[in-house]
Amino acid sequence: MTSLSLQHQERGHSQLVKIGLMCVLTALVSLVALGQGSSSQLDVFTTARIVLGLDDATSVQSAIIWELRLPRVLMAIVGGVGLATAGALMQGCLGNPLVSPLTLGVASGAALGAALAIVVGFSITSIGAFAIAGNAFVFSLFVVFIIIQLGRYRSISAESYILVGIAITFIAGAVVSTLQFFATDAQLSQLAHWSFGSLSRPDMAVVLAVGICIVALLPQAMMWSWDLNALAMGGDDFAISTGVNPMRIRRNILVLSALMTSLIIAFTGMIGFVGLAAPHMSRLIIGNDYRKLLPASAVCGAFLMVFADTIGRTLFAPIVIPVGIMLAVIGGPVFMYLLLQSKGFNDE
Amino acid sequence: MSDFLAVHDLSFSWPGRTVLEDLNFEVGPNQLVSVLGVNGAGKTTLLKCINRILSPSSGSIHLLSSDVLGMTIMDVARQVAYVPQSVGTNFPMNVFDVVLLGRRPHLQWFVGDGDRDKVSECLHFLDINDFAFRRYDQLSGGERQRVVLAKALAQEPKLYLLDEPTSDLDLKHQITTMEKIRSVVGDRTAPSSAIIAIHDIDVAARFSDKIMLLHDGKIRAYGPPKEVLTVELIAEVFGVEAEVREDSGSLRITIQHALKNE
C-alpha cells in the first residue's frame, strides 16, 4: 500500500476509536442516570453491580432501577439514536444543514393526531392506553404517505420536500390551534404536556417495541452511507455521475427517517433539537463521511438525551423537567458555542 | 470496427425551447473531442444527456455497442465519468474521501486496499497528493477542479465527459492538466475517450483529435481541428476575427477582435 493509503486507513481507525470512546461515555452517563433520582441516589459502581447482577441489592433498589429508571433511560437511548440518525439522514439527502427530523412535518402530523385524541376524543386506534400515542403515530404516518406520493413526481427537488414539510407544519398547526380554541382547561393542559416531549410515558414493553424497530432500521441506513456521501458532497448531478439515483434514494431515505421519527415522537411527544444538534456535533468530531457519521450521530444523540434527561430529573428533584425542554436549554448554548468555536470539523 | 461512442438523432428540449436538435456523431477509441460554441450553444446539455443527468427527448446513445439510455445509473457510472463545471457543498469531505467516491461504482460497501491505492495514484498523477487530507471547501477553485477530475480518473471509465475542466486553473496547470488528460485518453492498453466542453479555442486546437462546433443546438462542423477551425467558421460561430496558422505541426489560433453585428 502507498503511504497515502496507509494514512487514510489509519485515519479511519482513529475515527472508529473516537466512536468507541463516545460509546463508553454514553454507557457511563447511562449508569449515572440509572443511579440518580429523587427517591434514592446510588454511585456508578453500585449501579453497575446491580445492573450486572453482582450485588445483592435491596428489592426496593432493584425495583427502582429495573422498573422505574431503566425504561426511561432506555427510551432516552432509543429516542436519541433514532432522532439523531433521522436528522443526519435527512440533512445529507437534502444537502441542507438546517434540516431536522421535524422539518418534514412528521411531528406536526403527530401533534395533530394527539390533539384530536385529547380534545375531540377521536382516535383511529381504539385501544385505551394507546389512544393518544396510536393516533399520533397514525397521523404522522399520513405525512410519511404524503412524502411517498411527492417522490412520485419526477421533478421533485430537495427544496420542494422542505417547502412541503413547512406547509404541512402550518396546516397541521392551524388545525391544532383551532382544536385548542375549543378545548377545556384540562384538555389544554394535557395537550401542552404532550407537546413538551417527555420520557416518562413509555413503559418497558413500548420501549422494547420501539427499540427493536429502530435497531432493525439502522442497517438499512448504513447501507445508504455511500449514496449519502455522494449526495451530501456534490448534489444531484455529482451523485448521478457517481452511480446514485438521487430521486429514488432521497425518497427512500426520507421515508425511513420519517418512520423513525414517528415511531419515537408518537410515544415521547415533541423532541426535535437532538435531531439537529447531534449530527452537527458529530460532524465536528468525525467529519462528513456518512459511514462513520451515522454511528457517531446515533451515539451522540443517545448521550445528549440521557444527559439532558438526567439533569432534568435531578436538578429540581422531585420536580421533573421534561427532556425536550432540558435538551434545548442545555444543548442549545453548547451547540452554538461549538459551532462558533470551530470552523467546521477538525481534520488534522 | 464498431464505434466507441455513437450518438444518433439526439435532441433535447426544455418546455418551449429546443436546446439540442438531431445531433449525429461518432467518437472513436483513444480520442479527445473538444466541443466548442458560444454560451447557451448546448455544450453542457450535450454532456449531461450522455451521462443521463438529463433525459434526451429523442435519439440514441451507444457506448461500446450498449444502449446508454437503457442502462441503470450505476451501470452508466461504471463506464462514464462526468466532471461538472464546479461542485459546491454544504458538507465537505477531505480530498482523499472525495476522490474515493470515484470508486463507488466499483465497490460494494467496504473499501479495499486496491481502491485506496487507485485513489492515491490519481492524487499523485494530478499533483494534489500534498493536500490529500485537507477539506474540500478550504481549497481554491483550481484545486477543487483537479480534485473532481481525480475523482473521475479513479472511476476508471471508458468515457470522460469534462465540462470546462481547466476554467479555474492557472496557466501552467491548464497545460499540464490537458497534457495529462491527453495521456490518459491516449493509453492504448485501456482505451478510453473524452468529450470536453471548452472555451479556449487555442487549447482545444492543440490537444484535440476532433473538434465539434455547436451552433444553435446543431453541429455546425465536426472533424479534425485543421478542417473545422477555419477563419470563416470561427467568424460565423463565435463572431470574432481570428488568425489561424500552423506552428511546427500544431494549429495556433489567435483571436484578433470581435466582429461588429451586421
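Chain identifiers are assigned alphabetically (A, B, ...) following the order of the sequence lines, protein sequences preceding nucleic acid strands; residue numbering begins at 1 within each chain.
The residue among B:Val111, B:Thr72, B:Val83, B:Val80 with the most heavy atom pairs within less than 4.5 Å of chain A is B:Val111. Between chain A and the residues B:Arg52, B:Lys151, B:Glu121, B:Arg78, the most heavy-atom pairs under 4.5 angstrom are made by B:Lys151. Among A:Pro246, A:Gly234, A:Pro97, the residue with the largest count of heavy-atom pairs under 4.5 Å with chain B is A:Pro97. Heavy-atom pairs under 4.5 Å with chain A were tallied for B:Leu107, B:Leu54, B:Val148; the largest tally goes to B:Leu107.
No side-chain donor from either of A:Ser241 and B:Asn51 sits under 3.5 Å from a side-chain acceptor of the other.
Going from atom CD of B:Gln85 over to atom CG of A:Asp237 covers 10.5 Å, rounded to the nearest 0.5 Å. Taken to the nearest 0.5 Å, the CZ atom of B:Phe96 stands 10.0 Å off from the CZ atom of A:Arg11.
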Determine, step by step, whether B:Arg104 and A:Asp227 satisfy the side chain to side chain contact (heavy atoms under 4.5 Å, CB included) criterion, reporting the C-alpha distance in whole Å, the side-chain angles of both residues, the deciding distance to 0.1 Å, and the verdict.
CA-CA 9 Å; B:Arg104 164 65 182 136; A:Asp227 304 330; 3.1 Å; yes

Could you walk me through whether B:Ile73 and A:Arg248 pass side chain to side chain contact (heavy atoms under 4.5 Å, CB included), step by step?
CA-CA 11 Å; B:Ile73 300 247; A:Arg248 195 169 65 203; over 6 Å; no

B:Lys48 and A:Ile240: side chain to side chain contact (heavy atoms under 4.5 Å, CB included), yes or no, with the steps?
CA-CA 10 Å; B:Lys48 287 189 174 181; A:Ile240 291 176; over 6 Å; no

Quick one, A:Gln9 with B:Asp113, criterion side chain to side chain contact (heavy atoms under 4.5 Å, CB included). Give me CA distance, side-chain angles, the key distance, then yes/no.
CA-CA 9 Å; A:Gln9 201 173 30; B:Asp113 291 348; 3.9 Å; yes

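Summarising the geometry of B:Trp109 relative to A:Arg291, their closest heavy-atom pair is CZ2-CG, 3.6 Å, with the distance given to 0.1 Å. Of all heavy-atom pairs between B:Asn90 and A:Gly95, the closest is ND2-O, 2.7 Å. The minimum heavy-atom distance linking B:Phe91 with A:Ala232 is given by the pair CD1-CB, 3.8 Å.
When heavy atoms are compared at a cutoff of 4.5 Å, B:Leu100 approaches chain A by way of both its backbone and its side chain. Heavy-atom distances place the side chain of B:Val87, and not its backbone, under 4.5 Å from chain A. Proximity to chain B is limited to the backbone of A:Asn96, based on heavy atoms less than 4.5 angstrom apart.
Taking the side chain as every heavy atom from C-beta outward, A:Leu4 and B:His124 approach each other to under 4.5 Å. Between A:Trp226 and B:Leu101 there is a side-chain heavy-atom pair separated by less than 4.5 Å. No side-chain heavy atom of B:Asp97 sits under 4.5 Å from any side-chain heavy atom of A:Met233.
No side-chain donor-acceptor contact under 3.5 Å links A:Asn288 to the backbone of B:Met93.
Taking a 6.0 Å sphere around CE of B:Met74, one finds it holds more than 12 heavy atoms contributed by other residues, nucleotides or ligands.
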